[in-house]
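All ligand and atom numbering here is 1-based and tracks the order in the structure.
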Amino acid sequence: MAKSRFEYVKQFERENFLLPDTYLIVRVDGKGFHKFSEEYEFSKPNDIRALKVMNKAAQNLMGQFPDIMMAYGDSDEYSFLLRKKCSLFERREMKLVSTFASFISVNYLHEWNLEFPEKPIKLERLPTFDARVVVYPTTQHIRDYFSWRQVDCHINNLYNTTFWTLVIKGGMTGKEAENRLLGTVSSDKNEILFKEFGINYNNESEIFKKGTILVREYDYTREGDDLSKRQQQRVEKQRKKALIEEYHLDIIGDTFWNERPWLLE
Ligand code: ATP
Ligand code: ATP
Ligand code: MG
Ligand code: MG
Ligand code: MG
Ligand code: MG
Ligand code: MG
């Protein structure tokens with residue numbers, strides 16, 4: 001295309017190329033989902049169908065971008081791990097962040113319409129997401145990152161389960177339940193659930209306690225730097241074709257990672 005005299009304005013653009021050979025994690029989070037969940041009358045503490053919508057949207061994203069090795073999600077958030085060698089959008093930060101945010105938003109809407117035909121989305125409250133990308137240098141950082149998110153899921157879920165049990169079964173107002181839980185630790189909440197309501201927290205659904213893990217599962221061959229072009233293409237094809245499996249299990253311990261060495265290649 002011919003250059004115009006206006007084109008100099010392009011030079012004002014700034015690009016952040018993220019550090020090569022490092023893990024990237026993109027986390028998306030729903031905007032104002034506390035309100036969103038009230039507007040569309042989510043069941044509390046956990047609306048399983050809304051989680052299903054989130055999980056489907058995240059799966060679609062993984063299907064589109066084979067560089068995503070795994071993802072972890074709970075509530076209105078999802079974290080996507082991009083492999084170290086990922087060169088998606090030349091690792092341009094703005095491209096990555098804006099594409100993930102828009103992709104998850106439109107996919108959430110799409111999946112919502114399939115799951116909840118009886119609850120049409122209103123123009124005044126569309127589901128939108130923000131996104132950020134963080135660069136992590138080592139496998140330990142990745143392990144700690146996912147442990148951090150899973151512990152967060154557990155803490156929030158224990159709180160929410162106790163809070164809503166006090167409200168729904170205990171007949172408390174939100175304020176009363178909040179006060180009751182002020183200053184309590186995990187064991188106190190477990191005890192309230194068990195002694196006052198006969199609920200054993202351990203028996204709650206795994207998806208609520210552990211969140212959702214999406215994994216690109218494939219018959220893995222080690223990807224060194226010394227692969228020929230042809231070998232590289234083969235590995236890439238494998239990754240693209242790989243099944244995306246859904247789990248609700250512990251990712252804090254070693255087992256999950258030891259069984260899947262390709263995730264941290
Ligand atoms: P922000 O825009 O700052 O992210 P937010 O209202 O989305 O604000 P979050 O901290 O992201 O705040 O919390 C998300 C909230 O969405 C949860 O606290 C919960 O109330 C609600 N929520 C999300 N998913 C579900 C679900 N599946 N079932 C019930 N409630 C949900
Ligand atoms: P990238 O993802 O890098 O933006 P792109 O294919 O979107 O790639 P753009 O430079 O953004 O490339 O160009 C958008 C292209 O979309 C246009 O060149 C044109 O071919 C097509 N396009 C967009 N809107 C219309 C339209 N209303 N009618 C016909 N073609 C359109
Ligand atoms: Mg938030
Ligand atoms: Mg949110
Ligand atoms: Mg959130
Ligand atoms: Mg374009
Ligand atoms: Mg364009």
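- The aromatic rings of Trp257 and Phe146 are tilted relative to each other, their planes meeting at an angle between 30° and 60°.
- Per-residue contacts place Asp29 under 4.0 angstrom from the following atoms of ligand 1 (heavy atoms of the residue considered): 4 (O), 11 (O).
- Contact annotation: Lys31 places no N, O or S atom under 2.8 Å from the Mg ion (ligand 4).
- Looking at Asn46 next to ligand 1, no N or O pair under 3.5 Å apart turns up.
- The distance between the ring centers of Tyr136 and Tyr145 falls below 6.0 angstrom.
- Closest N/O/S atom of Asp29 to the Mg ion (ligand 4): OD1.
- Counting heavy atoms closer than 4.0 Å to ligand 1, residue Glu77 contributes nothing at all.
- Remark: ligand 1 and Gly30 share an N or O pair separated by less than 3.5 Å (distance only, no angle test).
- The Mg ion (ligand 4) is closest to atom OD2 of Asp76 (considering only N, O or S atoms).
- Between Phe6 and Tyr8, the distance from one ring center to the other does not fall under 6.0 angstrom.
- The six-membered or imidazole ring of Phe194 lies away from that of Tyr201, with a centre-to-centre distance of 6.0 Å or more.
- Polar contact check, His34 against ligand 1: a nitrogen or oxygen pair lies under 3.5 Å apart.
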Would you give me the side-chain donor-acceptor pairs under 3.5 Å for residues 44-54, sequence neighbours excluded?
from: Lys44; atom 1: NZ; to: Ser37; atom 2: OG; distance (Å): 3.1
from: Asn46; atom 1: ND2; to: Asn157; atom 2: OD1; distance (Å): 3.0
from: Asp47; atom 1: OD1; to: Arg49; atom 2: N; distance (Å): 3.0
from: Asp47; atom 1: OD1; to: Ala50; atom 2: N; distance (Å): 3.0
from: Asp47; atom 1: OD2; to: Ser43; atom 2: N; distance (Å): 2.9
from: Asp47; atom 1: OD2; to: Ser43; atom 2: OG; distance (Å): 3.2
from: Arg49; atom 1: NE; to: Glu115; atom 2: OE2; distance (Å): 2.7
from: Arg49; atom 1: NH1; to: Glu118; atom 2: OE2; distance (Å): 3.2
from: Arg49; atom 1: NH2; to: Glu115; atom 2: O; distance (Å): 2.7
from: Arg49; atom 1: NH2; to: Glu118; atom 2: OE2; distance (Å): 3.1
from: Lys52; atom 1: NZ; to: Glu115; atom 2: OE1; distance (Å): 3.3

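- The closest non-hydrogen atom to atom 30 (N) of ligand 1, taken over Lys31, Arg49, Lys44, comes from Lys44.
- Under the 6.0 Å cut-off for aromatic ring centres, Phe129 and Phe100 do not qualify, their centroids lying 6.0 Å or more apart.
- Ion pairing between Lys95 and Glu15 fails under the 4.0 Å rule for side-chain N and carboxylate O.
- When heavy-atom distances to ligand 1 are checked against a 4.0 Å cut-off, Phe33 comes that close through both its backbone and its side chain.
- Heavy atoms from both the backbone and the side chain of Asp47 come within less than 4.0 Å of ligand 1.
- Judged as a side-chain contact (heavy atoms from CB on, under 4.5 Å), and not counting sequence neighbours, the contacts of Asp67 are Leu82, Arg83, Cys86, Leu88, Arg239.
- Ligand-side atoms of ligand 1 in range of Ala50: 27 (N), range being under 4.0 angstrom from any heavy atom.
- Proximity of Phe197 to Lys169: side-chain heavy atoms (C-beta onward) are separated by under 4.5 Å at one or more points.
- Closest to atom 29 (C) of ligand 1 by heavy atom, among Ser75, Ser37, Gly73, Pro45, is Pro45.
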